[in-house]
Amino acid sequence: VRIQGGATGRMTERFNVFERTVHWFTVGVFWLLALTGLILLYGRFVLIPLLGPEGFGLTASACKEAHNLFGPMFLVALLLLFVVFVKDNFFARGDMKWLMKGGGMLGSGHVSAGRFNAGEKIWFWIAVLGGIVLSVTGLILDFAVFGQGREVMGISHVLHAIAALVVISVSFGHIYLGTAGVEGTINSMTSGYVDEAWAKSHHDRWYAEVMADGAGEEDKAPAGGGSPAGGVASPARDGSLNLRNVWSQLGCNDQSPLPSRERARVRVIIPGRFAVHSASWPFPPEGEKDYFRCIQACNSGRRTKHVHTTR
């Protein structure tokens with residue numbers, strides 16, 4: 001699914017560093033357990049012809065140890081995932097309409113959504129509830145200290161396998177839609193930012209909330225075009241930025257003009273989840289700044305968290 005109208009180049013923050021860290025930590029633990037579990041469950045049919053009985057025995061033994069060792073870490077990851085994302089995953093107004101229209105694939109007209117749409121919320125609860133079943137049954141199978149008998153162990157084994165297959169199967173849909181299926185989505189979990197057009201097209205209610213929060217941050221900025229507490233120039237109400245102020249705050253100077261007069265795009269991230277705004281070079285000749293000096297200053301860490309530049 002392409003971004004409607006094409007990307008604008010204006011970006012807004014969707015997930016912060018902590019949210020992305022929790023997501024990728026959960027992904028890493030989940031797929032380690034998924035792969036080792038699948039090898040234990042079905043590996044003999046594929047790996048014995050390739051590795052032979054002894055090779056498969058060694059592989060299965062290593063997978064069993066890894067599965068048992070890292071299994072409890074999945075419970076920690078699941079709890080973190082739940083705490084961080086649950087507040088935005090309760091079903092709300094508009095979710096049923098989103099489902100009835102298949103996320104926009106059925107019928108015509110725009111399908112409104114908040115920070116997460118109904119499909120993402122369903123995936124969240126499948127992952128959480130399925131993860132709980134996996135964690136509880138996994139602990140029963142991993143630690144023989146709960147007084148569980150053979151019958152309980154057998155039931156736990158069956159439930160563990162069913163829950164694992166359900167969550168793994170549904171996760172493929174999530175992976176596809178988050179990468180190749182919907183243009184621009186993968187950026188939200190890599191850089192943390194998404195294009196403004198993507199946000200308006202897929203999560204318009206959330207984008208409106210972000211813009212409202214940004215307007216609140218703007219109102220707190222000092223008068224006269226100064227910078228807020230974050231040390232980065234604040235946007236005007238039309239979404240533009242005074243790049244002269246930004247360059248001055250970065251400590252850049254006028255010693256070297258831009259090597260060429262070609263236009264370059266500069267994106268400045270405003271603290272407080274404000275959208276990334278774009279402006280273009282060149283300045284008037286008397287106000288040119290050294291573009292490459294500023295990139296070097298950003299890369300040295302002076303403003304790495306707040307300023308991104310693209311040509």
Side-chain angles (χ1 to χ4, degrees), residues 1-27 81 84-89 92 94-95 98 101-105 110-124 127 171 173-218 230 232 234-235 238-241 265-280 298 303-311:
V1 178
R2 294 289 184 181
I3 296 176
Q4 188 174 3
T8 64
R10 296 186 298 272
M11 311 294 286
T12 190
E13 186 181 34
R14 180 153 172 80
F15 298 115
N16 60 37
V17 173
F18 181 69
E19 290 171 328
R20 300 199 311 273
T21 301
V22 169
H23 172 267
W24 289 116
F25 172 63
T26 306
V27 168
L81 189 78
V84 170
F85 292 109
V86 67
K87 66 182 184 298
D88 296 311
N89 276 286
D95 287 338
W98 190 96
K101 287 197 170 186
M105 293 185 290
H110 174 72
V111 183
S112 182
R115 191 184 189 198
F116 297 113
N117 59 45
E120 291 167 326
K121 291 176 181 180
I122 291 173
W123 161 238
F124 173 81
S171 73
H174 174 69
I175 293 169
Y176 170 72
L177 292 173
T179 53
V182 180
E183 181 186 8
T185 302
I186 187 62
N187 295 335
S188 67
M189 274 299 170
T190 53
S191 69
Y193 290 84
V194 293
D195 192 86
E196 183 182 273
W198 182 96
K200 289 180 180 179
S201 177
H202 299 295
H203 299 274
D204 56 327
R205 296 203 307 271
W206 165 75
Y207 179 72
E209 292 171 3
V210 171
M211 291 297 97
D213 290 344
E217 292 292 327
E218 174 194 340
V232 180
S234 60
D238 62 359
S240 63
L241 283 169
R265 296 192 66 78
V266 182
R267 299 192 307 214
V268 182
I269 300 173
I270 305 303
R273 291 183 64 187
F274 205 89
V276 177
H277 295 270
S278 300
S280 297
C298 295
R303 286 286 185 269
T304 302
K305 292 184 179 179
H306 299 312
V307 178
H308 289 184
T309 55
T310 59
R311 289 190 64 78

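The backbone N or O of A113 sits less than 3.5 Å from a side-chain atom of D204, completing a donor-acceptor pair.
Summarising the geometry, atom OG1 belonging to T185 is positioned 8.0 Å from atom CD1 belonging to I3; distances are rounded to the nearest 0.5 Å. Here CG of N187 is found 12.0 Å from CZ of R14. Values are rounded to the nearest 0.5 Å. For the atom pair L177 CG and I186 CD1, the distance stands at 12.0 Å (nearest 0.5 Å). Rounding to the nearest 0.5 Å places CZ of F15 at 4.0 Å from CE of M189. The CG atom of N117 lies 8.0 Å from the NZ atom of K121; values are rounded to the nearest 0.5 Å.
Of all heavy-atom pairs spanning M211 and T12, the tightest one is CE-OG1, 4.4 Å. Listed here is the closest heavy atom pair of W206 and E13: CZ2-O, 3.4 Å. Residues A197 and G6 share a closest heavy-atom pair of CB-O, 3.5 Å.
With contacts defined as side-chain heavy-atom distances shorter than 4.5 Å, the pair D88/F124 does not qualify. Residues E120 and H203 have side chains in contact (heavy-atom distance under 4.5 Å, counting atoms from C-beta outward). When side chains are defined from C-beta on, M11 counts as touching D195, because their heavy atoms get closer than 4.5 Å. Here the side chains of W98 and S112 are not in contact, with every heavy-atom distance at 4.5 Å or above. Side-chain contact between V194 and Y207: absent, with no pair of heavy atoms (C-beta onward) separated by less than 4.5 Å.
Using a 4.0 Å cut-off between charged side-chain N and carboxylate O, K200 and E196 make a salt bridge.
Listed by chain and number, the residues in a ring pair (Phe, Tyr, Trp, His ring centres under 6.0 Å) with H23 amount to none (sequence neighbours excluded). Taking the salt bridge (charged side-chain N to carboxylate O under 4.0 Å, His left out) definition, one finds that E19 meets it with R115, sequence neighbours left out.
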